[in-house]
Amino acid sequence: MSENQQPERVIERTIPCDVFEGQESFLILADLPGVTREGLTIDVHGHTLLVRGERRIGREHTRFERRFTLPDSADVEQVHAVTRDGVVRVEIHKTQRSRPRRIQIQG
Amino acid sequence: MLFGVRDPLFDNLRALRLLDEMARGQAGRPLADGHFTEGPGFVQEGDRFVLRVEVAGLRSDDLELSVHERTLTLRARRREEAPEGFRILRRERGVEYNVAQTVALPSQADPDQCTASLADGLLTVSFATRSHTGPRRIDIGAVEGRTA
């Protein structure tokens with residue numbers, strides 16, 4: 001069997017990530033080397049965030065996946081993502097009521 | 001509720017993948033935490049030998065490639081600070097390292113014909129195949145004034 005006739009090889013991989021918390025948002029940095037913007041999908045279902053990516057090199061098809069459970073303080077309507085140099089940066093804003101706020105002192 | 005990162009199959013899948021790739025003698029994979037997590041190697045693609053290394057987050061300034069005789073050396077530096085104003089909840093990516101990894105060139109690779117490219121955190125290094133690698137006959141010259 002020649003190399004061109006060999007079946008596609010599928011590889012399932014997890015995504016190494018860093019997670020940070022700020023006063024107004026959460027931040028996820030995820031390594032997805034070789035995955036272009038077109039090969040990347042980020043879905044939010046309820047309080048579950050699912051990051052998936054795929055890349056094809058020759059007959060090798062690599063699928064990346066990682067699932068996150070967002071805390072109650074996360075505003076699931078305010079999720080933004082950018083990708084650069086194989087690193088995906090996902091920012092999840094916090095709900096207004098969970099952000100710190102200054103209390104005015106009367107009198 | 002705290003921020004949850006669910007990955008129940010993480011350890012099993014990773015261990016299986018590493019064993020699988022070791023068994024198949026596959027080419028190198030991620031560079032993380034200061035090490036190539038799997039032994040790098042070349043694969044033949046058409047008339048070229050190709051090495052791919054995952055270097056997510058690195059730019060060309062962070063990488064240095066050199067060829068000496070029959071070896072290729074890759075040096076990589078990464079240093080990432082936590083974003084300002086954020087506290088760390090979880091760290092898995094290689095945050096800081098400065099490493100060098102050397103790999104032998106395939107016997108048929110031409111060390112003088114090398115190209116490298118970096119895209120989306122994937123470094124691709126490619127060598128052309130040497131035009132003549134087969135056996136060749138050496139002419140034996142006669143030396144004046146001597147007999148066999």
Side-chain angles (χ1 to χ4, degrees), chain A residues 2-4 9-40 47-51 53 55 57-60 62-74 83-89 91-92 94 98, chain B residues 1-18 20-21 24 26-27 29-33 37 43-46 50 52-63 78 80-95 118-124:
Chain A
S2 74
E3 190 172 327
N4 291 338
R9 182 164 168 250
V10 178
I11 301 169
E12 306 279 351
R13 288 178 53 181
T14 187
I15 302 173
C17 64
D18 295 339
V19 182
F20 304 96
E21 181 180 12
Q23 288 196 336
E24 299 192 351
S25 64
F26 296 99
L27 185 65
I28 299 171
L29 299 181
D31 282 352
L32 285 136
V35 177
T36 63
R37 184 178 167 186
E38 290 72 29
L40 178 69
H47 270 72
T48 298
L49 176 79
L50 181 60
V51 179
R55 72 175 188 215
I57 300 172
R59 62 181 186 85
E60 201 174 273
T62 307
R63 291 199 291 239
F64 299 85
E65 182 175 315
R66 199 77 191 257
R67 195 179 295 267
F68 304 87
T69 302
L70 303 179
D72 294 336
S73 57
T83 179
R84 183 176 181 180
D85 300 325
V87 179
V88 179
R89 177 189 173 105
E91 184 162 20
I92 306 116
K94 290 184 175 179
S98 66
Chain B
M1 184 173 63
L2 296 175
F3 204 108
V5 183
R6 286 190 279 159
D7 199 358
L9 295 176
F10 179 96
D11 293 333
N12 287 340
L13 273 178
R14 180 159 181 78
L16 285 173
R17 182 171 61 81
L18 289 174
D20 181 45
E21 303 225 340
R24 290 167 183 257
Q26 287 292 314
R29 288 284 179 261
L31 176 68
D33 299 328
T37 53
V43 290
Q44 190 161 10
E45 294 181 4
V50 180
R52 291 189 178 86
V53 183
E54 297 181 345
V55 290
L58 299 193
R59 299 175 188 173
S60 54
D61 289 348
D62 303 318
L63 297 167
R78 172 152 136 172
E80 236 182 56
E81 305 287 348
E84 196 172 340
F86 286 81
R87 71 183 180 100
I88 300 166
L89 297 182
R90 189 183 188 91
R91 270 249 148 120
E92 295 173 353
R93 304 162 63 240
V95 178
L118 178 64
D120 300 311
L122 191 67
L123 174 69
T124 303

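To find a chain, count down the sequence lines: A is the first, B the second, and so on, and within it residues start at 1.
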Worksheet item: Rounded to the nearest 0.5 Å, how far apart are CD of B:E92 and CG of A:D18?
Response: 7.5 Å
Worksheet entry | More than 12 heavy atoms of other groups within 6.0 Å of B:R91 CZ | yes
Discussion item. Checking B:R93 against A:V87 for the side-chain contact (heavy atoms from CB on, under 4.5 Å) test, could you report, in this order, the C-alpha distance in whole Å, the side-chain angles of both residues, the deciding distance, and whether it holds?
Written reply: CA-CA 10 Å; B:R93 304 162 63 240; A:V87 179; 3.6 Å; yes
Worksheet item: Charged N to carboxylate O under 4.0 angstrom, B:R52 versus A:E60?
Response: no
Fill in: Heavy-atom pair count under 4.5 Å with chain A, highest-scoring of B:A119, B:P83, B:G85
B:P83
Worksheet, complete the sentence: Under 4.5 Å to a heavy atom of chain A? For B:R59 that would be side chain
Worksheet entry | Top of A:L32, A:V35, A:L29, A:D85 for chain B proximity - count of heavy-atom pairs under 4.5 angstrom | A:D85
Discussion item. As a test of understanding, state which of B:V43, B:L122, B:V50 forms a side-chain contact (heavy atoms from CB on, under 4.5 Å) with A:I57.
Written reply: B:L122
Practice prompt. Taking side-chain hydrogen bond (donor to acceptor under 3.5 Å, both in side chains) as the test, write out the residues that go with A:S25, two or more places apart.
Written response: A:E91
Practice prompt. Please identify each residue that fulfils side-chain hydrogen bond (donor to acceptor under 3.5 Å, both in side chains) with A:T36, with sequence neighbours left out.
Written response: A:E38
Practice prompt. Can you tell which part of A:R37 gets under 4.5 Å to a heavy atom of chain B, answering side chain, backbone, both or neither?
Written response: neither
